[in-house]
> 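Could you have a look at this structure, given as C-alpha cells, before my questions?
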Amino acid sequence: MTSLFALVDCNSFYASCERVFRPDLRAKPIVVLSNNDGCIIARSAEAKALGISMGAPYFKCRDMLRRNGVAVFSSNYALYGDLSSRVMNVLERFSPRLEVYSIDEAFLDLSNVPGGGAHHARRLRATVLRWTGIPVSVGLGRTRTLAKIANRFAKQQPQCRGVFNLECSPKPELVLSFMPVRDVWGIGRRHARRLEAHGVHSALDFRDLDSNWVKRRMGVTGLHTQLELRGISCFGWDHRPGVRKSVLSSRSFGRPVERVAELREAVAYHTERAAEKLRRQKSVASGVTVFLETNRFAPGAPQYSNSGFTAIHPASLHTPILLGAALSLLDRLFREGYQFKKCGVMFSGLEQERGRWLSLFDTPDEVHSGHAQLMQTLDGINGRWGRDTVHFAASGLQRTWTMRQEMRSPRYTSVWSELPVAKAE
DNA sequence: TCTGGGGTCCTAGGACCC
DNA sequence: TCTGGGGTCCTAGGACCC
C-alpha cells in the first residue's frame, strides 16, 4: 500500500486569527508585524493582492498601508498559539497519525483512508472552518515534499476549493512544471540561484536532474528532496524529533540599550524564559550561551557583537544556577560605549531530567529534587496566573528595554479581562 | 526613530588516537 | 618516486525551515 501524506496549512494564519473576532475585517486587507513591529510577517489574500511583500520593513511601507486602508496588527502570540492548538485538536480527529510541523501546519497520515483521501480532506477542511473560524488548505501526495506542492496548488487554483490530491491528478508532471524550483520545500535561496544558473527552473526540471550532480552540489539533503519528488519517501514518520536539542530566548530591544544594568535585566529575563522551555520538555541543560549585538543596520555607529559559552555541571534546570552562569557571561562580554540592539540566551547539551549522567563526585538527585520542586511550583503559578506572575528580581520591574507592540489586538481567548463582549442593541 | 525569533541537519576540517 | 591509514569526536559555519 502506498503512503499518502496530507499537509494541512492554515491560510494566512496570523491574519486569519485577527479576523476570527473581528468580522468587520472580512474581505479587508490585513498585515501582521513581527516582534518589535519590525517587518511584515503575515498578509491576508487582499494584502498580497496589493503587492505587499513578505518580510518588508514596516517603516518603509507604513504610508502605503495607510493609503490603502490596510489593518495593521502587532504579533499576538497568545491568540495565535491558542487558535493553533484548537485547529490541531480538530485535525487529530481525522487521522491516527498527526505531526504538528509548525504553528500553522500539520502533516497527517491518510494512507488508509478509503476513497483516496480527497473527500476526507474536504470534510476536514469544512470542520476546521466551522469549529475554529480558520480557513485551511490541504495538499495530498505520496511524500511530504509532494504534499507540500499539492498544498500550494490547492491554494493557488480556485477550482480546487482548498484541496488538491496530486496522486489523483491526470497530469502530475504539469503541476510540477508550474512549481518554481525556488519554492520547493528544502531548496532555499542559495541553492535556487545555483540551480537556475544551471538551467533548472521548475520542480520537474529538478526531479529529472542527474542525481550525482545533485549529491555533489547539494549533499544528501538535496538528494532526499529529489527522491521525494520522484515519489520515494525519505521523510517518514519514524525519525520525528521529540524533544529539542537546544532552546533559545532572544529579542531585539524597543530602543538602543547602553547600560549594563539594563542588559543584565534582559539577559535575566531571557534566562527565565528559556529555562521555562527547558523544563516544559523535562530537560536539563549542560551549557549556556549568551550573545549580544549592536544594530547592524546602522553602519555609521560603532559595531560590536559577541557570544560566550559556559558549561554547567552537573546539568541543571534550576533558574538561579542558570542565571548565575548567564550573568557572569554577560559581564565578560559587555563593553562600554556601544548601543546594543539585541541579546539572547541559549541552553544546549540538553539531557532528559530522568536518568541523566552524573559523575562520581556529583551531588546526587536528592539535593536537586529540591530545585526541581521549587521550579515546578514557580512554573505552576505562572502557568495558572500568567507568565511573570512570580519572577526573579534580576529581570527587573520597569523593563524599559522591552519591544514595541503598539498595535496588538486583545488576547481574546487567554486573558479574562480581554474576552470579547457580545452586546445586544 | 524604524529591518523577527526560534529551530534543525549536514559538512568540512582540526585534534587526537592507535 | 614514495613521508601511513584509518578511525572518532568536536566545532564552526552553511543552508534550510516556518
Side-chain angles (χ1 to χ4, degrees), chain A residues 7-10 12-14 31-42 53-63 65 72 74-77 80-81 84 99-107 144-145 148 151-152 181-195 215-225 234-235 239-257 270 273-274 276-278 280-281 287 289 291 293-301 307 309 311 339 341-350 402-407:
Chain A
L7 174 66
V8 180
D9 187 320
C10 301
S12 313
F13 182 55
Y14 297 169
V31 298
V32 178
L33 305 179
S34 63
N35 279 323
N36 227 11
D37 295 344
C39 54
I40 292 172
I41 54 167
S53 54
M54 184 74 171
Y58 176 51
F59 74 94
K60 282 190 183 169
C61 47
R62 172 182 274 167
D63 290 340
L65 297 173
V72 180
S74 302
S75 297
N76 183 350
Y77 285 100
Y80 311 151
S84 169
E99 184 186 313
V100 177
Y101 180 69
S102 72
I103 194 164
D104 70 334
E105 279 173 87
F107 286 102
R144 289 177 191 247
T145 306
K148 273 265 185 187
N151 186 286
R152 194 185 139 99
V181 73
R182 58 175 53 242
D183 294 334
V184 171
W185 191 43
I187 297 179
R189 264 212 332 274
R190 288 302 249 276
H191 285 319
R193 261 208 302 273
R194 296 180 71 179
L195 286 165
K215 171 76 171 61
R216 208 166 48 244
R217 304 295 176 90
M218 300 169 67
V220 292
T221 348
L223 191 59
H224 284 156
T225 296
C234 300
F235 312 122
H239 72 114
R240 241 197 304 179
V243 291
R244 297 186 200 309
K245 295 170 179 172
S246 63
V247 292
L248 169 76
S249 174
S250 83
R251 250 173 202 41
S252 306
F253 302 124
R255 55 166 178 78
V257 166
H270 290 305
R273 291 287 86 74
E276 284 167 6
K277 293 185 195 182
L278 186 71
R280 213 171 300 145
Q281 63 163 35
T289 302
F291 65 90
E293 60 194 49
T294 50
N295 183 0
R296 59 183 191 284
F297 294 102
S307 70
F309 172 86
Q339 299 205 318
K341 177 66 185 157
K342 183 179 180 179
C343 72
V345 175
M346 181 167 90
F347 297 142
S348 55
L350 306 194
T402 43
M403 64 175 173
R404 287 186 306 274
Q405 261 197 335
E406 286 158 7
M407 296 154 287

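Side-chain atoms are counted along with the backbone in the values below, which use heavy atoms only and exclude waters and symmetry mates. Just so it is clear: chains get the letters A, B, ... in the order the sequence lines come, proteins before strands, and each one is counted from 1. Since the structure is predicted, the reported quantities are computational estimates derived from the model, not experimental observations.
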> Strictly below 4.0 Å, heavy-atom distances to any atom of DNA chain C: list the hits from residues 183-195 of chain A, or just say none.
A:V184, A:W185, A:G186, A:I187, A:G188, A:R189, A:R190, A:H191
> Do A:R280 and A:R244 come close enough that some side-chain heavy atom pair is under 4.5 Å?
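No; the side chains remain at least 4.5 Å from each other.
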> Map A:R62 and A:M54 onto DNA chain B by nearest heavy atom, then report which one ends up closer to the 5' terminus.
A:R62
> Applying a 3.5 angstrom cut-off to the pairing atoms, does DNA chain C sit in any stems of at least three consecutive Watson-Crick or G-U pairs? List them by first number.
B:5-18 with C:5-18
> Is there a side chain to side chain donor-acceptor pair (under 3.5 Å) between A:N35 and A:S75 once you walk through the steps?
CA-CA 6 Å; A:N35 279 323; A:S75 297; 4.6 Å; no
> Using heavy-atom distances to pick each residue's nearest nucleotide on DNA chain B, tell me which of A:K277 and A:I41 is more 5'.
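This one resolves to A:I41.
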> Within a strict 4.5 Å, meaning less than it, do heavy atoms of the A:V220 and A:K215 side chains meet?
yes
> How far does CZ of A:R193 sit from CZ of A:R182, to the nearest 0.5 angstrom?
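The CZ atom of A:R182 is 8.0 Å from CZ of A:R193, to the nearest 0.5 Å.
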> How would you label the contact of A:S246 with the nucleic acid (heavy atoms, under 4.0 Å): base, sugar-phosphate, or nothing?
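If one applies the 4.0 Å heavy-atom cut-off, A:S246 turns out to touch the sugar-phosphate alone, with no base involved.
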> Starting the side chain at C-beta, find the nucleotide from B:dC2, B:dG6, B:dC10 nearest to A:N295.
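The listed nucleotide nearest to A:N295's side chain is B:dC2.
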> Whole angstrom is fine here: how far is it from CZ in A:R404 over to P in B:dG4?
11 Å
> Measure the spacing between OG of A:S252 and CD of A:E293 and express it to the nearest 0.5 Å.
7.5 Å
> Return yes if some donor-acceptor pair links the side-chain N/O of A:D104 with the main-chain N/O of A:S84 below 3.5 Å, else return no.
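Pair absent, no side-chain N/O of A:D104 close to backbone of A:S84.
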> Looking for any heavy atom pair under 4.0 Å, which part of the strands does A:D104 touch: base, sugar-phosphate only, or nothing?
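Sugar-phosphate: the residue A:D104, judged by heavy atoms under 4.0 Å, touches backbone atoms but no base.
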> Write down the distance separating the C1' atoms in C:dG4 and B:dC16, rounded off to the nearest Å.
16 Å
> Please give, in whole Å, the distance from C:dC18 P to A:L248 CG?
19 Å
> Under 4.0 Å between any heavy atoms, over every strand shown, what does A:N36 touch: base, sugar-phosphate, or nothing? Just pick one.
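Here A:N36 touches no strand at all.
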> How many whole angstroms separate atom CZ of A:R255 from atom P of B:dT3?
14 Å
> Do other residues, nucleotides or ligands put more than 12 heavy atoms under 6.0 Å from A:R216 CZ?
yes
> I need the CZ-C1' distance between A:R144 and C:dC17, as an integer number of Å.
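Spelled out: CZ on A:R144 to C1' on C:dC17 is 13 Å.
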> Taking the side chain as every heavy atom from C-beta outward, state whether A:L33 and A:I40 have any pair of such atoms under 4.5 Å apart.
yes
> How would you label the contact of A:F297 with the nucleic acid (heavy atoms, under 4.0 Å): base, sugar-phosphate, or nothing?
base
> According to the interplanar angle, ranging from 0 to 90°, do the rings of A:H224 and A:F235 count as parallel (below 30°), tilted (30 to 60°) or perpendicular (above 60°)?
perpendicular
> Given atom CD1 of A:I40 and atom P of B:dG5, what is their separation to the nearest angstrom?
16 Å
> Provide, to the nearest angstrom, the distance between the CE atom belonging to A:M346 and the P atom belonging to B:dG5.
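Answer to the nearest Å: 16 Å.
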> With a 4.5 Å cut-off on side-chain heavy atoms, are A:V31 and A:Y58 touching?
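The answer is no, as the side chains (C-beta and beyond) never meet within the 4.5 Å cut-off.
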> Rounded to the nearest angstrom, tell me the gap between atom CZ in A:R280 and atom P in B:dG7.
10 Å
> Nearest 0.5 Å, please: how far is NZ in A:K60 from SG in A:C39?
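Going from SG on A:C39 over to NZ on A:K60, the span is 11.0 Å.
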> Examine B:dG6: is either OP1 or OP2 under 4.0 Å from a nitrogen or oxygen in the side chain of A:R251? Give yes or no.
yes
> When you check the phosphate oxygens OP1 and OP2 of B:dT3, does a side-chain N or O of A:K342 lie under 4.0 Å from one of them?
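Answer no for this pair, as no side-chain N or O of A:K342 is under 4.0 Å from OP1 or OP2.
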> On the nucleotide B:dG5, are OP1 or OP2 found under 4.0 Å from the side-chain N or O atoms that A:K341 carries?
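It does not, given that no N or O in the side chain of A:K341 lies less than 4.0 Å from OP1 or OP2 of B:dG5.
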> Looking at the side chain of A:V220, which of C:dC18, B:dT3, B:dT11 is the nearest nucleotide?
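So the nucleotide nearest the side chain must be B:dT11.
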> Rounded to the nearest Å, what distance is computed from the CG atom of residue A:D37 to the P atom of nucleotide B:dG4?
12 Å
> Within less than 4.0 Å of OP1 or OP2 of B:dG5, is there a side-chain N or O belonging to A:S249?
no
